[in-house]
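Residue numbers begin at 1 in each chain, while the letters A, B, ... track the order of the sequences. Computed from a predicted model, the values in this text were never measured in an experiment.
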Amino acid sequence: MSLSVNEGVDVKGLVDKVLEAYPEKSRKRRAKHLNVLEAEAKDCGVKSNIKSIPGVMTIRGCAYAGSKGVVWGPIKDMIHISHGPVGCGYYSWSGRRNYYVGDTGVDSWGTMHFTSDFQEKDIVFGGDKKLHKVIEEINELFPLVNGISIQSECPIGLIGDDIEAVARAKSEELGKPVVPVRCEGFRGVSQSLGHHIANDVIRDWIFEKTEPKEGFVSTPYDVTIIGDYNIGGDAWASRILLEEIGLRVIAQWSGDGTLAELENTPKAKVNLIHCYRSMNYIARHMEEKFGIPWMEYNFFGPSQIAESLRKIAALFDDTIKENAEKVIAKYQPMVDAVIAKFKPRLEGKKVMIYVGGLRPRHVVDAYHDLGMEIVGTGYEFAHNDDYQRTQHYVKEGTLIYDDVTAFELEKFVEVMRPDLVASGIKEKYVFQKMGLPFRQMHSWDYSGPYHGYDGFAIFARDMDLAINNPVWGIMKAPF
Amino acid sequence: MSHPVSQSADKVIDHFTLFRQPEYKELFERKKTEFEYGHSDEEVARVSAWTKTEEYKEKNFAREAVVINPTKACQPIGAMFAAQGFEGTLPFVHGSQGCVAYYRTHLTRHFKEPNSAVSSSMTEDAAVFGGLNNMIDGLANAYALYKPKMIAVMTTCMAEVIGDDLSGFISNAKNKESVPADFPVPFAHTPAFVGSHIVGYDNMIKGVLTHFWGTSENFDTPKNETINLIPGFDGFAVGNNRELKRIAGLFGIQLTILSDVSDNFDTPADGEYRMYDGGTPLEATKEAVHAKATISMQEYCTPQSLQFIKEKGQQVAKYNYPMGVTGTDELLMKLAELSGKPVPAELKLERGRLVDAIADSHTHLHGKRFAVYGDPDFCLGMSKFLMELGAEPVHILSTSGSKKWEKQVQKVLDGSPFGKSGKAYGGKDLWHLRSLLFTDKVDYIIGNSYGKYLERDTKIPLIRLTYPIFDRHHHHRYPTWGYQGALNVLVRILDRIFEDMDANTNIVGETDYSFDLVR
């Protein structure tokens, strides 16, 4: 494969042309978020983590989505109250496919929607009293609940409710953690601040107020999986590999996770971070406070998996290192067969990616493993450090778009005509109607897992079935 | 921990099969016993059984504060839906941006269509200073990029709590030339903490009509022969609105559907993406003030709009998601009355065919007990149709339902011997329904995709007939209204009954004597 992409395409010109449509003030602001990758640009040459412009159809969500939807929601043995009006919890109800094993409604609540359903009187007189009652009722109807989180919606921070006081009182009364999360949707510029706030709440309301479980026996091989939301079972397909090389995964954050796993995490020897964007905060905190080192890894595609397994094993003794080699070797025939089957069908196909805060770089080599090319990529809510981490995955000439607007993405795709667009549900049908194969890369399009060796086979199959489906050939009527 | 590789290139296995392999089952067990510190299997089984008891039901119904699995969304999504049925209209949601991502996602997952709407992306500073600048810049950007014919503005609860004034903000933005002075920017305040999506729908319809019809009292507006129809928030709008247009065509009635999403939410795949398609023409919306009458298909989606229309001197008629034979009869007779035209012979034939189908299948429906949940109007229309089939609506539940609605349902139930076991539950949610289903069993549940958890827990088969339907495809493209729609609904119900029958009689040598070839 060549070292650069989009050769012979005037990508810079395309960017300028697309920007022309904006009123001047917005054009100047948007111009900072769009660029063509040059070799020397350490951060892909774009600005990021900046307020979205009003009226442009950003694809971003909010802090509540980052906390309730991403970080806290998957903790299965706690109940997460969408505190405020009914909508936020309704729209985010069961939408994210963070798989778990449990008896829903009895000892797990992942696919349920709990809300304080604010009415006008709650806005006028405050909702703290109601919140007390909500928590009491939850504890009575769901006695096996191990903890409760309060996920603030916009009005909470605007009307001056003291959810922290309620949380303190209720924690004491119930003898279970009740944690207040100030993730009101108007805070920050995207989901990202919600991740950060949620991380801080785990620090302040779990680590500070609870202890690792009594009787928990540590081993030298204890690790955690941090920042894997178990979409379609991703964390399980990762965990199995870590276990196979001889490590003990004492906690999953937060896909299929439990309160006990959060509490026991400070016992880990090393924290392994998959989604850096959403959980680097807590990893850094644990490094400072407990001296636990952390390491980023990437379990998308065999090249990155092997590299990551070796990097992880290098932190342990020779047995683990040998095991890692054995595991890599064990899966190699399956990987070879997958590549032999799918690469000829996918080689040279061009992909444009637009996802959240990790995958726009993390999935790149999985595509490369299949001989595909990334011609454009960008993030909804990345920060500068994510763009710095993107540089070595993508090639010179790649179109980079930060917080892309629906208008821009549509125009870019229209002109660049990739063979596949890999983005989210809001984008899916736009591009399919344009005749372009599409895969949802937040939810794995109801498939998955995509992590690990088992996941790579599914990833390869899915890209093939999207690109090589006959439907794209019958779009044009013959008359 | 070595195990064979289950995955294979020949037959790739995904989550459905992969996690049932021994290595993953063992992994689950290890995780559970060593790290989760959960409750014992016995304790979980005990509590699980308890949640199914009468005692639990009482506790559950004593709830005053927490709402669990409600059948309602918030106002702005209803307002957005209403706005998207007008020609070239871009909804502009003033407030926090995450809300818009949620509404778009929700509607997209149901209709399997793109859904376009913008946000004014207000953040902390706007919370302090108000969102005027967001409105000014936002309207300018939306107008420049997306070239709409109309921008309909609604609010998230954030903008409502801080008290942003849409009317003033929009005039201000026009003064700043964000959009031309004569560019239509109707608006509706849609606080999420009042009512639900059906109220938001009403507010936006009223907002659009107010914009086009003016606020002055023009009681003496000269009327023409046109009839307006407001469909309400309806997940089957694509099929239903087209069916209504077909029926009006057969009558020869000039029908203006006020907010018609049927084309916008069902655009073709032919290589071109249409951001806007179809919808009620703005000119027709303006002219609709001169219509003779307005029919609302969903009373609870339109109380304020109908009042407003009435004040403009029009006759109004309201229905509750009319389905089935008599539901359709009433609608058609009203159309005949208003238009002075007889019900077309073709529709009479369709009626006969529908009744014929019901007669053919009534043995499988008679006496079957149903739970029905959803929006207030849907529950009413569905229950009526069920009783017409000889089936019994037993639990009728709507989180958006009021005391008035409960009485209305009761009246409908009282009108038929098949309604004697029925009861309406307004303001209750699907966790209440779970208790009802365990303590007073029914044969089938009619609802939406969220009901699949009830089906899993109670093993009572679910029939998806109302918004949102995420996990079945394309049913919204078929009508549920009109005689043709009733036939579709009938077949959906029957299919589920027959599938269930087969599934319950398929054990070889044990139950399969009833595995009849002919049913």
Side-chain angles (χ1 to χ4, degrees), chain A residues 21 23 26 51-52 54-57 61-62 65 85-87 90-91 101 103 106-107 112-115 117-120 123 130 133-134 137-138 144 154-155 158 185-186 213 232-233 240 243-244 250 258 260-261 334 337-338 341 407 425-426 429-430 433-435 447-448 454 457-458 461 475, chain B residues 1 5 7 9 12 14-15 18-19 24 27-28 35-39 44 47-48 59-60 63 65-70 72-74 96-98 101-102 104-106 108 113-114 118 120-124 127 134 137-142 144-145 157-158 161-162 192-194 269-271 273:
Chain A
S26 301
K51 263 198 277 188
S52 301
V56 297
M57 214 175 326
C62 64
V86 69
Y90 186 77
Y91 307 120
V101 178
D103 192 334
V106 180
D107 70 354
M112 290 175 67
H113 160 29
F114 293 83
T115 177
D117 188 18
F118 262 33
Q119 301 299 304
E120 197 149 25
I123 301 287
K130 189 175 203 177
K133 192 142 205 183
V134 164
E137 289 176 355
I138 284 174
L144 301 186
C154 288
L158 298 171
F186 61 83
K213 291 287 178 192
I240 203 159
E243 289 187 348
E244 270 192 279
I250 67 165
T258 56
E261 289 168 70
M334 187 268 282
V338 166
K341 179 175 176 181
F407 176 83
I425 185 68
K426 300 195 291 299
Y429 302 104
V430 170
K433 282 177 198 292
M434 286 165 60
S447 175
D454 287 338
I458 304 166
R461 176 201 67 180
M475 287 254 154
Chain B
M1 280 179 228
V5 177
Q7 187 61 281
V12 173
D14 56 23
H15 58 93
L18 181 64
F19 299 128
Y24 281 99
L27 175 150
F28 294 158
F35 304 108
E36 293 189 354
Y37 292 81
H39 305 276
V44 172
V47 173
S48 174
K59 264 186 197 296
N60 194 8
R63 262 194 278 147
V66 67
V67 171
I68 308 167
N69 299 353
K72 66 172 184 181
C74 63
S96 300
Q97 75 193 9
Y102 276 144
R104 294 178 61 208
T105 296
H106 214 261
T108 283
E113 287 288 316
V118 298
S120 66
S121 296
M122 287 165 67
T123 58
E124 285 104 330
N134 298 67
D137 291 347
L139 286 179
N141 287 328
L145 291 185
C157 57
M158 180 221 186
V161 171
I162 65 173
F193 44 82
V194 176
D270 58 2
Y273 162 54

To the nearest 0.5 Å, what is the distance between [atom1] on [X] and [atom2] on [Y]?
X        : Y        : atom1 : atom2 : result
A:Asp454 : B:Asp14  : CG    : CG    : 11.0 Å
B:Ile162 : A:Phe186 : CD1   : CZ    : 9.0 Å
B:Thr105 : A:Tyr91  : OG1   : OH    : 11.0 Å
A:Cys154 : B:Met122 : SG    : CE    : 9.0 Å

Worksheet item: What heavy-atom pair brings A:Val86 and B:Ala73 nearest, and what distance separates the two atoms?
Response: CG1-O, 3.5 Å
Discussion item. If I compare all heavy atoms of B:Ala101 with all of A:Lys426, which pair ends up nearest, and what's the gap?
Written reply: O-CD, 3.7 Å
Options [options], ranked by heavy-atom pairs under 4.5 Å with chain B, top entry:
options                                : result
A:Gly87, A:Cys62, A:Pro85, A:Pro155    : A:Pro85
A:Phe118, A:Phe407, A:Tyr429           : A:Tyr429
A:Gly185, A:Ser447, A:Gly435, A:Gly232 : A:Ser447
A:Ser26, A:Ala65, A:Ala21, A:Pro23     : A:Pro23
A:Val101, A:Ile240, A:Ile138, A:Ile250 : A:Ile240

Worksheet item: How far apart are the C-alpha atoms of B:Lys72 and A:Asp117, what are their side-chain angles, what is the distance that settles it, and do they pass the side-chain contact (heavy atoms from CB on, under 4.5 Å) test?
Response: CA-CA 10 Å; B:Lys72 66 172 184 181; A:Asp117 188 18; 2.9 Å; yes
Measure [X] against the heavy atoms of chain B and call it side chain, backbone, both or neither at under 4.5 Å.
X        : answer
A:Lys130 : both
A:Lys341 : side chain
A:Ile123 : side chain

Discussion item. Closer than 3.5 angstrom, by distance alone: can the side chain of B:Gln97 be matched with the main-chain N or O of A:Gly61 as a donor-acceptor pair?
Written reply: yes
Practice prompt. Would you check if the side chain of A:Glu137 reaches a backbone N or O of B:Ala65 as a donor-acceptor pair within less than 3.5 Å?
Written response: yes
Between [options], which has the largest tally of heavy atom pairs under 4.5 Å with chain A?
options                              : result
B:Glu124, B:Arg63, B:Lys59           : B:Glu124
B:Gly38, B:Ala127, B:Ala140, B:Pro70 : B:Pro70
B:Asp270, B:Leu27, B:Leu145          : B:Leu145
B:Val194, B:Thr108, B:Val44          : B:Val44

Contact part of [X] toward chain A, heavy-atom cut-off under 4.5 Å: side chain, backbone, both or neither?
X        : value
B:His39  : side chain
B:Val161 : side chain
B:Leu139 : neither

Fill in: Evaluation steps, side-chain contact (heavy atoms from CB on, under 4.5 Å), between B:His15 and A:Ile458
CA-CA 9 Å; B:His15 58 93; A:Ile458 304 166; over 6 Å; no
Practice prompt. Verify side-chain contact (heavy atoms from CB on, under 4.5 Å) between B:Asn69 and A:His113, making sure each step is shown before the conclusion.
Written response: CA-CA 5 Å; B:Asn69 299 353; A:His113 160 29; 3.8 Å; yes
Fill in: Worked check of side-chain contact (heavy atoms from CB on, under 4.5 Å) between B:Val66 and A:Phe114
CA-CA 7 Å; B:Val66 67; A:Phe114 293 83; 4.2 Å; yes
